[in-house]
Amino acid sequence: MDKDSDIHRQDWKTILSHSIQSPQEAAVFKEAHDPRLSEVVKRYPMRINPYFLSLCESRGEPLKRQVFPDAAELDDESGWTDPLAEDRDSPVSHLTHRYPDRVLFLVSNQCAVYCRYCTRKRKIGHWPHVKDEVIEAGVRYIAAHPEIKDVLLSGGDPLLLEDERLDWILSEIRSIRHVEIIRIGTRVPGVLPHRVTRELVRVLKRHHPLFMNVHFNHPDEITDEVRRACRRLADSGISLGSQTVLLRGINDDERILDVLFRQLLTMRIRPYYLLQADLTRGTGHFRTCIESGMRIMKRLRGRISGLAVPYYMIDLPGGGGKVPLLPSYIESLDPVQIVVKNFQDRLYTCPQPVPGPPEENSQNDVL
Ligand code: SF4
């Protein structure tokens, strides 16, 4: 029996418990014996579960580079340990309240793999278990702030919590009347699809309306198991969107992203954000320049349906929040006409409406 079929017969906790945590355990990779890597994983822990390791072995560099440590992590002194100032805007532990109507609630300290480019690299693998008191204090904060309509659960990865614990957290948040939607940010469906069990889906279904942002970076992450997991989530009525981080040498090519975004749509996942990599210390070797992201977005517009094109977003360092980076198509605009450049750089002119008398019964009269 081959190794892959062995993995697929195990339950998700068993698979996770066999994760490798040191470069030497991945001796199949030629860099595994670089002595500096032990220092890297002391500072930034490593975790690759056997399912994803076997994908790295069979599908190669684009997956391996996302999770396998690199000595460049030690050499990079640019950026910040907390580039988005999440800890500064944290009124209670594990909760960030930046936008008036939303909070980010970090409910889990576990991930199915540790991504080398992670924005929370400062915490990943170092966090203690998130205690009940921390969750309760976060829930009390949300309940005391009626302006909060939207709660984003993240971590770590919320889907690595036990079913009962996730159910408890979701029930507590759902019981707050002013919370309208709950979102879950997760990489689990793409890196440990075995976790998306029927029982998990039964729990999630109890807490609609529920949105899930699923993290995918490369089409090689999509396997039959991943498709099955996403089908289960979509069938349960969860609205699925994707988040992709633009990573140098991994997916910074419109042909790769074209394939990824089309495949996501076939799994009923709407491409939502293409994220400029954050200015996190130890991740400089992954960062692309903004011009290259803009170029990719412009080329994607011409290649694929608008449904498959995500927003290209930058999360401003220092806590400025997320802002879309939009290629400029407008060449000139005046009261008579607009001149617009299309995706092939051809110019088109569109006349403005002829100004007429003010409309009767306009919105302003009604209001
Ligand atoms: S799954 Fe998300 S939180 Fe965990 S290491 Fe990867 S990017 Fe960071």
Side-chain angles (χ1 to χ4, degrees), residues 12 15-16 19-21 40-41 43-49 51-53 55-56 62-70 73 79-84 86-87 90 94-96 104-130 152-161 166 183-196 212-218 220-222 226 229-230 233 240-248 250-251 260 269 272-287 313 315 322:
W12 68 276
I15 299 175
L16 198 62
S19 297
I20 61 167
Q21 301 185 62
V40 176
V41 299
R43 192 182 301 179
Y44 305 120
M46 163 183 186
R47 172 183 271 178
I48 313 177
N49 72 62
Y51 163 78
F52 203 72
L53 180 66
L55 268 196
C56 293
L63 304 196
K64 189 182 115 193
R65 285 201 47 218
Q66 294 182 46
V67 291
F68 194 77
D70 188 320
E73 294 174 51
W80 294 271
T81 50
D82 179 13
L84 308 181
E86 290 177 340
D87 295 342
S90 179
H94 290 62
L95 184 144
T96 298
L104 167 71
F105 195 6
L106 306 179
V107 294
S108 160
N109 69 336
Q110 295 286 312
C111 298
V113 292
Y114 294 153
C115 312
R116 307 315 299 175
Y117 52 84
C118 181
T119 300
R120 299 194 190 109
K121 210 170 166 68
R122 67 191 185 281
K123 297 188 170 183
I124 294 304
H126 297 297
W127 289 19
H129 169 72
V130 184
L152 169 60
L153 301 183
S154 184
D157 198 313
L159 294 195
L160 284 197
L161 296 173
L166 188 58
R183 292 183 288 158
I184 294 179
T186 177
R187 200 175 177 186
V188 153
V191 295
L192 184 60
H194 316 72
R195 167 64 183 114
V196 184
M212 201 172 269
N213 295 334
V214 194
H215 182 155
F216 282 101
N217 295 328
H218 195 280
D220 285 352
E221 291 159 28
I222 297 170
V226 168
C230 293
L233 292 167
L240 300 173
S242 70
Q243 299 215 14
T244 298
V245 183
L246 190 58
L247 298 167
R248 189 178 350 140
I250 293 175
N251 62 5
L260 173 65
I269 301 174
Y272 178 50
Y273 281 166
L274 175 65
L275 296 158
Q276 173 67 17
D278 291 326
L279 287 158
T280 312
R281 183 160 305 159
T283 66
H285 54 298
F286 286 113
R287 232 167 282 137
M313 303 293 287
D315 213 335
K322 286 195 179 69

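Numbering of ligands and ligand atoms starts at 1, following listing order. Note that the numbering runs from 1 along the sequence shown for the chain.
- Here the rule is side-chain hydrogen bond (donor to acceptor under 3.5 Å, both in side chains) with Gln66, and of Arg116, His218, Arg187 only Arg187 fits it.
- No side-chain donor-acceptor contact under 3.5 Å links Thr96 to the backbone of Leu104.
- Looking at heavy atoms from C-beta onward, Leu53 lies in side-chain contact with Ile20 at the 4.5 angstrom threshold.
- Judged as a ring-ring contact (aromatic ring centres under 6.0 Å, His included), and not counting sequence neighbours, Phe216 has no contacts.
- For atom 6 (Fe) of ligand 1, protein N/O/S neighbours under 2.8 Å (waters excluded) are Cys115 SG.
- With sequence neighbours left out, Phe68 forms a side-chain contact (heavy atoms from CB on, under 4.5 Å) with Pro23, Ala26, Phe29, Glu31, Ala32, Leu37, Met46, Ile48, Lys64.
- Arg65 is linked by a salt bridge (charged side-chain N to carboxylate O under 4.0 Å, His left out) to nothing, counting only residues two or more places apart in sequence or in another chain.
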